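Below is one structure, written out as structure tokens, with a few remarks after it.
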Amino acid sequence: MELELELFQFCAAGPLLASQRQPTCNAILSLSLPGLARLLPPATLAALADSWLREDCPGLNYVALVSGTAPSQAVLWAKSPGVLAGRPFFDAIFAQVNCQVSWFLPEGSKLVPVAKVAEVRGPAHCLLLGERVALNTLARCSGVASMAAAAVETARGTGWAGHVAGTRKTTPGFRLVEKYGLLVGGAAAHRYDLGGLVMVKDNHVMAAGGVKKAVRAARRAADFALKVEVECSSLQEAVEAAEAGADLVLLDNFRPEELHPTAATLKAQFPSVSVEASGGVTLDNLPQFCGPHIDVISLGMLTQAAPALDFSLKLFAEGDTPVPHARRS
């Protein structure tokens with residue numbers, strides 16, 4: 001799909017070193033939210049919404065004969081705590097079925113159940129056609145944002161000022177939603193796709209015949225437009241990568257007690273090289289990976305393990321909006 005590449009390429013521009021930032025990055029969430037929806041091209045949103053609706057109803061919609069065509073209204077309720085994310089996708093889905101959405105809470109809101117989030121109006125059969133697709137998308141995006149926000153809060157609690165980032169471990173066909181959810185949660189999305197950064201991983205090094213050969217080939221491919229990151233499993237590999245011209249070094253699957261001295265040694269020799277830590281990082285052990293020589297910590301779990309939030313969409317008669325029960329923990 002067509003995307004404006006500046007959308008998620010913090011790596012292409014190059015992350016600031018941890019020492020160059022002030023530990024006030026928790027403000028990213030509140031400062032960036034008003035403009036995040038503008039990152040999503042309308043044509044892309046419409047195409048995604050259309051594809052999701054076609055997947056859910058590729059043929060005859062028999063239950064439309066039950067619901068009828070009368071003008072109807074429904075309330076969107078949040079029934080579990082978390083961070084609201086995914087409003088543009090929700091809007092795009094209902095726009096495809098000729099319904100209008102009115103929001104009561106802004107993107108990035110902290111949800112305390114039971115919360116009245118939005119109202120949807122349109123013909124009954126259209127409203128119910130979009131219901132499940134819209135709820136699924138909002139629930140998934142909000143789940144990723146909630147997980148990202150929890151990770152950022154945990155990292156900031158240590159005083160660390162680096163980037164908490166996602167990875168390319170996303171759901172096929174749903175990457176834009178999940179990457180957007182990371183941004184709403186205050187995390188960095190990392191590269192959006194293979195074209196956003198030349199990342200040389202262990203299999204590339206094996207195929208190329210060594211770290212130096214792989215990095216030199218990557219530098220030629222990247223030219224001036226992209227940065228090169230190299231996955232390393234030892235200090236020796238990291239030094240080789242930096243000497244060959246890597247912009248970023250990924251210290252992969254290092255235990256915290258090995259990570260920090262390795263990063264310190266590397267930065268002492270190559271102060272301009274950014275260091276990313278990844279592999280085995282969870283919300284519980286995240287503080288152990290935060291340190292003055294670590295610029296980025298990436299967690300695949302932000303997208304892979306994020307639980308969906310619980311939302312429901314309930315039709316109501318004018319003047320009567322019953323409140324559903326909150327989800328039990």
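For clarity, every value in this text was computed on a predicted model and none was experimentally measured.
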Candidate list Val83, Leu302, Leu299, Val152, test side chain to side chain contact (heavy atoms under 4.5 Å, CB included), partner Met147, passing option: Leu302

Can a donor-acceptor pair be found, under 3.5 Å and without considering hydrogens, that links the side chain of [X] to the backbone of [Y]?
X: Thr154; Y: Ala150; answer: yes
X: His260; Y: Glu257; answer: no
X: Glu119; Y: Leu76; answer: no
X: Thr282; Y: Asn285; answer: yes
X: Asp247; Y: Val228; answer: yes
X: Arg219; Y: Gly245; answer: yes
X: Thr158; Y: Trp160; answer: yes
X: Ser274; Y: Asp295; answer: no
X: Asp193; Y: Gly195; answer: yes
X: Lys179; Y: Thr167; answer: yes

Give the ring-plane orientation class for Phe89 versus Trp52, where under 30° counts as parallel, over 60° as perpendicular and anything between as tilted. tilted

Rounded distance [0.5 Å steps], [atom1] in [X] versus [atom2] in [Y]:
X: Phe174; Y: Cys141; atom1: CZ; atom2: SG; result: 7.5 Å
X: Asn61; Y: Leu53; atom1: CG; atom2: CG; result: 10.5 Å
X: Leu84; Y: Ser142; atom1: CG; atom2: OG; result: 5.0 Å
X: Leu182; Y: His190; atom1: CG; atom2: NE2; result: 11.0 Å
X: Leu315; Y: Glu131; atom1: CG; atom2: CD; result: 7.5 Å
X: Cys290; Y: Ile297; atom1: SG; atom2: CD1; result: 4.0 Å

Single-linkage hydrophobic cluster [X]~[Y], side-chain heavy atoms < 4.5 angstrom:
X: Val133; Y: Leu135; result: yes
X: Leu127; Y: Val63; result: no
X: Val205; Y: Leu250; result: no
X: Val120; Y: Phe104; result: no

May I ask you to check whether over 12 heavy atoms, not counting those of Arg54, lie within 6.0 Å of atom CZ? no

Crowded around Glu55 CD? As in, over 12 foreign heavy atoms under 6.0 Å? no

[Y] side chain reached by [X] side chain, heavy atoms, under 4.5 Å:
X: Gln269; Y: Val239; answer: yes
X: Pro71; Y: Pro123; answer: no
X: Phe289; Y: Leu259; answer: yes
X: Glu229; Y: Glu276; answer: yes
X: Leu111; Y: Leu105; answer: yes
X: Leu266; Y: Val249; answer: yes

For the residue pair [X] and [Y], what are the closest heavy atoms and their distance?
X: Ser67; Y: Ala124; value: O-CB, 3.6 Å
X: Gly173; Y: Leu48; value: O-CD2, 4.3 Å
X: Leu309; Y: Gly143; value: CD1-CA, 3.6 Å
X: Ala151; Y: Leu286; value: O-CD2, 3.3 Å
X: Leu197; Y: Lys227; value: CD1-O, 3.2 Å
X: Ala238; Y: Leu251; value: CB-CD2, 4.2 Å

Residue pair Asn136 / Arg140, side-chain donor-acceptor N/O under 3.5 Å: no

Please determine, by modelled atom types, if Arg121 and Gln100 share a side-chain donor-acceptor pair under 3.5 angstrom. no

Kindly indicate, with the supporting measurements, whether the criterion side-chain contact (heavy atoms from CB on, under 4.5 Å) is fulfilled by Arg191 and Arg168. CA-CA 7 Å; Arg191 56 177 179 163; Arg168 211 159 45 87; 3.3 Å; yes

So does Glu258 pair up with Arg255, basic N to acidic O under 4.0 Å? yes

With a 4.0 Å cut-off on N to O distance, would you call Glu240 and Lys212 a salt bridge? no

Given side-chain contact (heavy atoms from CB on, under 4.5 Å), test Lys314 with Trp77 step by step and report yes or no. CA-CA 8 Å; Lys314 296 297 183 183; Trp77 298 97; 4.2 Å; yes

Using the rule given for side-chain contact (heavy atoms from CB on, under 4.5 Å), can you reason through Tyr180 versus Leu40, listing the C-alpha separation, both sets of side-chain angles and the distance that settles it, and then say yes or no? CA-CA 9 Å; Tyr180 176 81; Leu40 303 169; 3.7 Å; yes

Under the side-chain hydrogen bond (donor to acceptor under 3.5 Å, both in side chains) rule, what do Trp103 and Asp91 come out as? Steps first, then yes or no, please. CA-CA 10 Å; Trp103 292 94; Asp91 287 341; 2.8 Å; yes

Determine, stepwise, if the pair Glu237 / Ser233 fulfils side-chain hydrogen bond (donor to acceptor under 3.5 Å, both in side chains). CA-CA 7 Å; Glu237 286 186 353; Ser233 59; 3.1 Å; yes

Mind running side-chain contact (heavy atoms from CB on, under 4.5 Å) on Leu248 and Val230 for me, showing each step along the way? CA-CA 6 Å; Leu248 301 95; Val230 184; over 6 Å; no

